[in-house]
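Data first, discussion second: the structure below is written as structure tokens.
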Amino acid sequence: MPLLYEKRGYVGILTLSRPEARNAWCAEFHAGLQEQLPRLEDDPEIRCVVLTGDEKGGAFSAGADLKNPRTHTESSAAHFIEELPRRRRLSPIMMLADFAKPVVAAVNGYAIGIGCILTYCCDLIVASERAEWRLPQVALGILSP
Amino acid sequence: MAPAAGRPRHSLALGFPLKADEAYRVGLAQWLVPHPELMAKTMEVAEHIASLPPLAARLAKESVNSGFDVPLSEVANVDLYRFMALEQTEDKSEGHRAWRERRKPQFKGR
């Protein structure tokens, strides 16, 4: 499971783990956060969440998986518009931004694109000297939604 | 998207990288540590948060996050209700009692 979870005392640690791709985003991260965040919110044994990138990936998250030609393609504007309500309610970004308990990001390297935005949704950030934030979307012809 | 400090957000959106030292300087990151110390520092921060009475921690977060883009008086007004709700909790009594008795509190999350 690419989204790793570990409980240490009252702290739940979520780790983005795709070391072969510098922890680049994938559907499993998306689904993993959608599943884990509500669970952590409801768990009385969890008082704080930590979000970080797998050290073996050498980054927090390299962002969208640009090697995949299907990344950033929507079937149509109509499909996109119809999906907006679900996207607003269920996007991991929205879920993290609305998360009831404090979230600490441990930024261990590059936080690119969606990786960068994820850190914005956290309450506190601990940065390694290797941390670096980038939003390459504009150069790729899109925006960061 | 979203808050954080003004200037680095705009330069970021136009593709300029934001390195760790500047991120710390502008307040995007609250702590900056040598790489090998990252997880130890993070757990120190997380464990401090985890030692807080959970309901007060939740509402402190909510209060701060709701306050970025609205007048202070609005947040202060809602804070009255947060305050009232927390006053009803057992953890509030325990927190105050532990302080008077000079001991570590035991919070229950209610």
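Residue numbers start from 1 in every chain, and the chains themselves are labelled A, B, ... in the order their sequence lines are given, proteins ahead of strands. The analysis underlying the following values was restricted to heavy atoms, covering all of them including side chains, and did not include hydrogens, waters or symmetry mates.
- In this structure, chain B has no heavy atom under 4.5 Å from any part of A139(A).
- Take T52(A) and apply the side chain to side chain donor-acceptor pair (under 3.5 Å) test, not counting sequence neighbours, and it matches no residue.
- Heavy atoms closer than 4.5 Å to chain B are found in the backbone of V107(A), but not in its side chain.
- N23(A) places a side-chain N or O within donor-acceptor distance of the main-chain N or O of D54(A), the cut-off being under 3.5 Å.
- Both the backbone and the side chain of F99(A) come within less than 4.5 Å of a heavy atom of chain B.
- Contacts between L59(B) and chain A at a heavy-atom distance below 4.5 Å are absent for every atom of the residue.
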Let me have the donor-acceptor pairs involving side chains of residues 27-40 of chain A, under 3.5 Å, with sequence neighbours excluded, atom names and distances please.
from	atom 1	to	atom 2	distance (Å)
Q34(A)	NE2	L90(A)	O	2.8
E35(A)	OE2	R39(A)	NH2	2.8

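- Applying the 6.0 Å contact sphere to CG of L143(A) captures no more than 12 heavy atoms from other residues, nucleotides or ligands.
- The CG atom of L55(B) sits 9.5 Å away from the CZ atom of R47(A) when rounded to the nearest 0.5 Å.
- In this structure, the portion of K61(B) lying under 4.5 Å from any heavy atom of chain A is its side chain and not its backbone.
- Inter-residue side-chain proximity for T89(B) and P53(B) is flagged as unmet; no heavy-atom pair is nearer than 4.5 Å.
- In this structure, the side chains of L124(A) and W31(B) come closer than 4.5 Å at one or more pairs of heavy atoms.
- Top candidate by heavy-atom pairs under 4.5 Å with chain A, chosen from S51(B), P54(B), G15(B), is P54(B).
- For the pair S66(B) and V75(B), the minimum side-chain heavy-atom distance is below 4.5 Å.
- In this structure, chain A has no heavy atom under 4.5 Å from any part of D21(B).
- Within residues 38-49 of chain B, the residues having any heavy atom under 4.5 Å from a heavy atom of chain A are, by residue number, L38(B), M39(B), K41(B), T42(B), M43(B), V45(B), A46(B), E47(B), I49(B).
- For P136(A), no part sits under 4.5 Å from any heavy atom of chain B, backbone or side chain.
- Side-chain heavy atoms closer than 4.5 Å link hydrophobic residues (I, L, V, M, F, W, Y) into clusters, and following such links, possibly through other members, connects I93(A) to L3(A).
- Salt bridge annotation for R103(B)-E94(B): present, with a cationic side-chain nitrogen under 4.0 angstrom from a carboxylate oxygen.
- Proximity to chain A (any heavy atom under 4.5 Å) is shown, for E62(B), by neither the backbone nor the side chain.
- A donor-acceptor distance shorter than 3.5 angstrom exists from the side chain of N108(A) to the backbone of G53(A), with no hydrogens or angles considered.
- For E45(A), no part lies under 4.5 angstrom from a heavy atom of chain B.
- Using non-hydrogen atoms only and a strict 4.5 Å limit, the part of residues 5-18 of chain A facing chain B consists of R8(A), Y10(A), V11(A), I13(A).
- Taking 4.0 Å as the cut-off between side-chain N and carboxylate O, E87(B) and K92(B) do not count as a salt-bridged pair.
- From K19(B), atom NZ reaches atom CD of E132(A) across 4.0 Å, with rounding to the nearest 0.5 Å.
- Considering only heavy atoms from C-beta on, D65(A) stays 4.5 Å or farther from C26(A) through its side chain.
- Of the atoms belonging to C122(A), not a single heavy atom falls under 4.5 Å from chain B.
- Separating the CD1 atom in I117(A) from the CG atom in L135(A) is a distance of 5.5 Å, to the nearest 0.5 Å.
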